[in-house]
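See structure below.
Computation of the quantities below employed the complete heavy-atom set of this structure, encompassing side-chain atoms and omitting hydrogens, waters and symmetry-equivalent molecules. Chain naming here is simple, since letters A, B, ... match the order of the sequence lines and numbering starts at 1 in each.
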Amino acid sequence: MAKRYWLFKSEPTTYSVDDLAKEPDQTDYWDGVRNYQARNMLRDDIKKGDEVLFYHSRTKVPGIVGICSVARSGYPDTAAFDPDSKYFDPKSSPDNPRWYMVDVKLKKKLPEIISLTDLKAMPGLENMAVTRKGSRLSIQPVTQEEWKVIMTRSKGMK
DNA sequence: GCCAACGTTGGC
DNA sequence: GCCAACGTTGGC
């Protein structure tokens, strides 16, 4: 399977790119996704070696803040089994897990954010879910063309 | 903080 | 299986 590209959203008050940067080996699990469409991608499609845009949502300036790679393909989200976790789901069990997560490794924190406003203005990104109104999907596929456009933009930074 | 858009739940 | 009610998301 060829390498694929994704965009992961997180609220920085919950988990930010700086939190990931502090982790050993800058690697952490991406838990708490509780949406079936996103779950299916985590379980079936997102593989080790794929690349990920780290996106901050629900903040003053939303946008892409980092580039990550997938360090581990989809496996059951253990937070769903933990009654003390805010992601606890009694309907998920180790025998029959409902939710999945992957591990991500931060490759590069961008020197500056590529804001949503920027993304909307960049040619070639018109079809990205994140630039479309009302898109709440927290895990989104990114095409190779879109990825290239964003990489070109990030390389222009100093 | 507001509120429109969205996804999920549950009664019927 | 429909759909109203509800809770959540996320830009502004």
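- Without hydrogens or angle criteria, A:D28 side chain to A:V104 main chain gives no donor-acceptor distance under 3.5 Å.
- From the 5' end on, the contacts that DNA chain C makes with chain A at under 4.0 Å to a non-hydrogen atom open and close at C:dG7 to C:dC12.
- For A:D19 (side chain) and A:S16 (main-chain N/O), a donor-acceptor pair under 3.5 Å exists by modelled atom type.
- Put simply, the side chain of A:R39 gets close to the backbone of A:R98: a donor and an acceptor are under 3.5 Å apart.
- Under a 4.5 Å side-chain heavy-atom cut-off, the cluster of Ile, Leu, Val, Met, Phe, Trp and Tyr residues that includes A:Y36 is completed by A:W99.
- The residue among A:K91 and A:S135 whose nearest nucleotide of DNA chain B lies closer to the 5′ end is A:S135.
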Listed pairs under 3.5 Å, donor-acceptor, residues 54-68 of chain A side chains, sequence neighbours left out:
unit_1: A:H56; atom_1: NE2; unit_2: A:V17; atom_2: N; d: 3.1
unit_1: A:R58; atom_1: NE; unit_2: A:E11; atom_2: OE2; d: 3.1

Can you list, pair by pair, the side-chain donor-acceptor contacts under 3.5 Å of residues 120-129 of chain A, counting residues two or more places apart and other chains?
unit_1: A:E126; atom_1: OE1; unit_2: A:G124; atom_2: N; d: 3.0
unit_1: A:E126; atom_1: OE2; unit_2: A:G124; atom_2: N; d: 3.2

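- The stretch residues 30-40 of chain A touches DNA chain B through A:N35, A:Y36, each having a heavy atom under 4.0 angstrom from the strand.
- The closest donor-acceptor contact from the side chain of A:D50 to the backbone of A:K47 lies under 3.5 Å.
- A:K120 comes within 4.0 angstrom of sugar-phosphate atoms only, judged by non-hydrogen atoms across all strands, and of no base.
- A:Y29 shares a hydrophobic cluster with A:Y75, A:M101; the chain of contacts runs through ILVMFWY side chains whose heavy atoms sit under 4.5 Å apart.
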